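Index from 1, following the sequence. Predicted model, so just to flag it, every value in this text is computed and none were measured.
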Amino acid sequence: MEKEEKDIRIDMNDEEETDDINAEDRPFIRRFGKIMLVLFISLLAGCYYIFVVELCIFTVQLLEAKITFLVIFHLLFLLCVWSYLRTVMTPPAVPPAKFRLSECDKQRYLSERKPEVLQEILVRMAKDLPISTKDSKGAFRYCDTCQLLKPERCHHCPVCDICILKLDHHCVFLNNCVGFSNYKSFLLCVVYALLLCLFTSAVSLYGSILFWTHQLPNTQSKVPIIVLFSLSTLCCVMLLLLLGIHFHWAVDNITSREGESGTWNERYDLGLSKNMRQVFGDEKKYWFLPVFSSLGDGYTFPMTDATKDIEKKAAAVAKDITESQN
């Protein structure tokens, strides 16, 4: 029984979070994120010009090929930009008001110094909330900055300086956090960006070969097209690696924060089909569109039957210990 209780404790606890970003560095990181956002949009606009004007209009000779290339490119480009803008402009989801302390409890919490009294306040509040994850000391996770109890899989972003539901990571190229509210659009953005780069790389390679084999005379379009091929191929490699990592985590129903820190377990792993529906929703007609269709509310999550059994046993053990002490 003692061993079983210990295993449950290890399973249910969560690693303590540390804020490794100083308050003085936060404005700089936010400004840097805005600069990266502008650079990324500028790079996207430059590649658009080279593909449409220099490659399709000035270089490709066959009309049928021009139309085919332009239609496919614009379809992928619009889907990619749509997904990107949705990810950038969607505010991160934050815990609802019921996870915040009442004014009375807040004043008491701020004025109290005894750890056991502080934890008593949190325990009384958490009794009516869907919270089971605790820190490594067995205490409920409380954010002093946001002054709230952290729900399941909620973490404080040191850059945005707020607690975010199902936080995955803060992306400097988006200047925004990726979490419950925009994880689907982020995945679609990576997918469509990869398809766009693959198509751009293939067509620009075709144009480069025409120049290299002297089937076309050397013009001012030659250098931009070769540069486009190099950039798109490099982006293909990076996006493929990024998609592979995030697809693996989505299949296992874990966030990148959980995967990188090693704090995840199989409690949320419902199987491939249910895990994918957690992100993309039940209606398949919305799966490939960057509109919000994820399941749930961001602070309660379905768990495997094995996890439910463990939690029931843990509750029974805790009840037996309390009764024996009384």
Side-chain angles (χ1 to χ4, degrees), residues 28-90 169-176 178 182 185-247 288-291:
F28 169 76
I29 296 175
R30 295 292 294 178
R31 285 196 296 269
F32 179 74
K34 292 178 180 179
I35 293 173
M36 294 301 295
L37 190 63
V38 172
L39 288 176
F40 180 80
I41 294 175
S42 301
L43 179 63
L44 195 63
C47 291
Y48 177 89
Y49 168 79
I50 295 174
F51 186 93
V52 173
V53 178
E54 299 290 349
L55 180 55
C56 289
I57 296 179
F58 291 161
T59 303
V60 177
Q61 302 296 316
L62 295 176
L63 180 61
E64 295 82 356
K66 286 185 180 184
I67 296 175
T68 303
F69 292 161
L70 287 172
V71 169
I72 296 175
F73 177 81
H74 279 95
L75 177 62
L76 293 174
F77 185 84
L78 289 175
L79 287 170
C80 178
V81 171
W82 184 11
S83 303
Y84 180 77
L85 292 177
R86 285 283 299 183
T87 309
V88 171
M89 300 177 67
T90 300
H169 68 285
H170 183 92
C171 182
V172 67
F173 293 103
L174 302 170
N175 196 34
N176 195 12
V178 176
N182 59 357
S185 57
F186 168 76
L187 283 181
L188 289 178
C189 179
V190 176
V191 171
Y192 290 134
L194 176 60
L195 293 177
L196 180 64
C197 287
L198 285 171
F199 180 74
T200 303
S201 178
V203 177
S204 57
L205 175 62
Y206 164 74
S208 300
I209 290 175
L210 292 180
F211 283 115
W212 291 334
T213 55
H214 304 291
Q215 297 181 46
L216 288 175
N218 287 336
T219 63
Q220 293 181 346
S221 299
K222 179 179 179 179
V223 174
I225 290 174
I226 294 175
V227 170
L228 179 64
F229 167 70
S230 303
L231 284 175
S232 57
T233 303
L234 179 62
C235 289
C236 282
V237 175
M238 294 189 294
L239 288 169
L240 187 61
L241 293 173
L242 182 64
L243 180 62
I245 293 171
H246 278 279
F247 182 76
F288 301 103
L289 296 177
V291 295

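- Listed by first then second residue, pairs satisfying side chain to side chain donor-acceptor pair (under 3.5 Å) with a partner in residues 51-71 read Tyr49-Glu54, Glu54-Ser221, not counting sequence neighbours.
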Could you walk me through whether Leu43 and Leu231 pass side chain to side chain contact (heavy atoms under 4.5 Å, CB included), step by step? CA-CA 10 Å; Leu43 179 63; Leu231 284 175; 4.1 Å; yes
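- Contact annotation: the side chain of Lys34 never approaches that of Val38 to less than 4.5 Å [non-hydrogen atoms, C-beta and beyond].
- Taking Met36 as the reference, Phe32, Leu39, Val172, Phe173 meet the side chain to side chain contact (heavy atoms under 4.5 Å, CB included) condition, with sequence neighbours excluded.
- Every side chain to side chain donor-acceptor pair (under 3.5 Å) that His246 has, sequence neighbours left out, goes to Tyr183.
- Of the inter-residue distances, the one linking Leu239 atom CG with Cys189 atom SG reads 8.5 Å to the nearest 0.5 angstrom.
- A pairwise comparison of heavy atoms in Leu205 and Trp212 identifies CD1-CZ3, 4.4 Å as the closest pair.
- Here the CZ-CG distance, from Arg30 to Asn176, works out to 7.0 Å after rounding to the nearest 0.5 Å.
- Nearest heavy atoms, Cys236 versus Leu194: O-CD1, 3.6 Å.
- Rounded to the nearest 0.5 angstrom, Thr87 OG1 and Phe186 CZ are separated by 7.5 Å.
- Inter-residue side-chain proximity for Val88 and Asn175 is flagged as unmet; no heavy-atom pair is nearer than 4.5 Å.
- The line from CG of Leu289 to CZ of Arg86 is 10.5 Å long, rounded to the nearest 0.5 Å.
- Annotation: side chain to side chain donor-acceptor pair (under 3.5 Å) contacts involving residues 186-210, sequence neighbours excluded, comprise Ser201-Thr233.
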In residues 74-83, what donor-acceptor pairs under 3.5 Å come from side-chain atoms, sequence neighbours left out?
residue	atom	partner	partner atom	Å
His74	ND1	Leu70	O	2.8
His74	NE2	Tyr48	OH	2.7
Ser83	OG	Leu79	O	2.9

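- The heavy-atom pair separating Leu55 from Gly207 by the smallest distance is CD1-CA, 4.2 Å.
- Expressed to the nearest 0.5 Å, how far CD1 of Ile41 lies from CG of Leu44 amounts to 8.0 Å.
- In this structure, Cys171 and Val178 approach most closely via the heavy-atom pair CB-CG2, 4.4 Å.
- By the side chain to side chain donor-acceptor pair (under 3.5 Å) test, Thr213 is found to be paired with Gln215, residues two or more places apart in sequence or in another chain being considered.
- Checked against side chain to side chain contact (heavy atoms under 4.5 Å, CB included), Ala65 has the following partners two or more places apart in sequence or in another chain: Val60, Leu62, Phe69.
- By the side chain to side chain contact (heavy atoms under 4.5 Å, CB included) test, Ile245 pairs with Trp249, sequence neighbours left out.
- With sequence neighbours excluded, the residues satisfying side chain to side chain contact (heavy atoms under 4.5 Å, CB included) with Arg31 are Pro27, Phe28.
- Ile225 CD1 to Phe211 CZ: the interatomic distance, rounded to the nearest 0.5 Å, is 4.5 Å.
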